[in-house]
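One structure below.
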Amino acid sequence: MSFQTLEQIINLKVRITNLLDQIIVGHIYTYSSSNEIIILKTTDNKEGPSTFRIINTSFIKSIQVLPPFGKKTYLVRKTT
């Protein structure tokens, strides 16, 4: 699965590796291409409060989309 723009990964769970090889896991909340930042929503545990991290995209080494992937829409052709 490959993505051409960051718009395609909003609300997906991702693993971001920065230039210092630090790994941050969370959901893409939003991004700003003009400011070159990603806002990542992270939680310490399932019931804990959410925190938001602002990450400058120039410091990102890689982004990996993690399962579960977003729901796909399938086209079903009905034959009669």
Side-chain angles (χ1 to χ4, degrees):
M1 177 181 300
S2 68
F3 298 98
Q4 302 301 319
T5 66
L6 291 175
E7 290 174 351
Q8 296 172 313
I9 65 171
I10 289 180
N11 293 324
L12 292 181
K13 187 173 183 180
V14 295
R15 176 184 298 144
I16 295 178
T17 305
N18 66 17
L19 295 177
L20 299 174
D21 288 328
Q22 296 171 329
I23 296 173
I24 306 163
V25 176
H27 290 83
I28 300 288
Y29 184 72
T30 190
Y31 81 99
S32 171
S33 58
S34 60
N35 294 323
E36 298 179 346
I37 58 170
I38 288 178
I39 310 295
L40 193 67
K41 182 179 178 182
T42 61
T43 54
D44 290 334
N45 57 35
K46 293 192 181 226
E47 296 184 21
S50 296
T51 56
F52 293 88
R53 299 197 54 181
I54 300 170
I55 303 170
N56 188 323
T57 57
S58 62
F59 298 122
I60 294 176
K61 187 176 190 179
S62 67
I63 298 177
Q64 179 183 9
V65 177
L66 301 174
F69 302 112
K71 293 181 180 179
K72 292 183 179 180
T73 304
Y74 295 97
L75 177 62
V76 178
R77 179 179 280 176
K78 184 176 180 182
T79 57
T80 56

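Numbers here simply count residues along the sequence, with the first being 1. Small disclaimer: the values here were computed from a predicted structure and weren't measured.
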Give the minimum heavy-atom separation between [X] and [Y], together with the two atoms involved.
| X | Y | value |
| --- | --- | --- |
| Leu19 | Ser58 | CD1-O, 3.7 Å |
| Lys13 | Pro67 | CD-O, 4.2 Å |
| Gly26 | Leu40 | C-CD1, 3.7 Å |

Test side-chain contact (heavy atoms from CB on, under 4.5 Å) applied to [X] - qualifying residues, sequence neighbours left out:
| X | result |
| --- | --- |
| Thr17 | Asp21, Ile23, Lys61, Ser62 |
| Asn35 | Ser32, Ile37 |
| Thr30 | Ile39 |

Partners passing side chain to side chain donor-acceptor pair (under 3.5 Å) against Thr42 (at least two apart in sequence or in another chain):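 So Thr42 forms a side chain to side chain donor-acceptor pair (under 3.5 Å) with Thr51.
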
Test of understanding: with side chain to side chain donor-acceptor pair (under 3.5 Å), list the residues that count as partners of Arg15, not counting sequence neighbours.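 Here the qualifying residues are Gln64.
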
With a 4.5 Å limit on heavy-atom distance, are the side chains of Val14 and Ile38 in contact?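 Side-chain contact under 4.5 Å: no.
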
Would you say that Asn18 contacts Ile55 through its side chain, given a criterion of any heavy-atom pair below 4.5 Å between the two side chains?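 The answer is no; the side chains never approach within 4.5 Å.
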
Suppose we screen for ring pair (Phe, Tyr, Trp, His ring centres under 6.0 Å). Which residues come up paired with Phe52, at least two apart in sequence or across chains?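 Residues passing ring pair (Phe, Tyr, Trp, His ring centres under 6.0 Å) with Phe52: Tyr29.
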
Once you round to the nearest 0.5 Å, how far does CD1 of Ile63 lie from CG of Leu12?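 Output value for this atom pair is 11.0 Å.
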
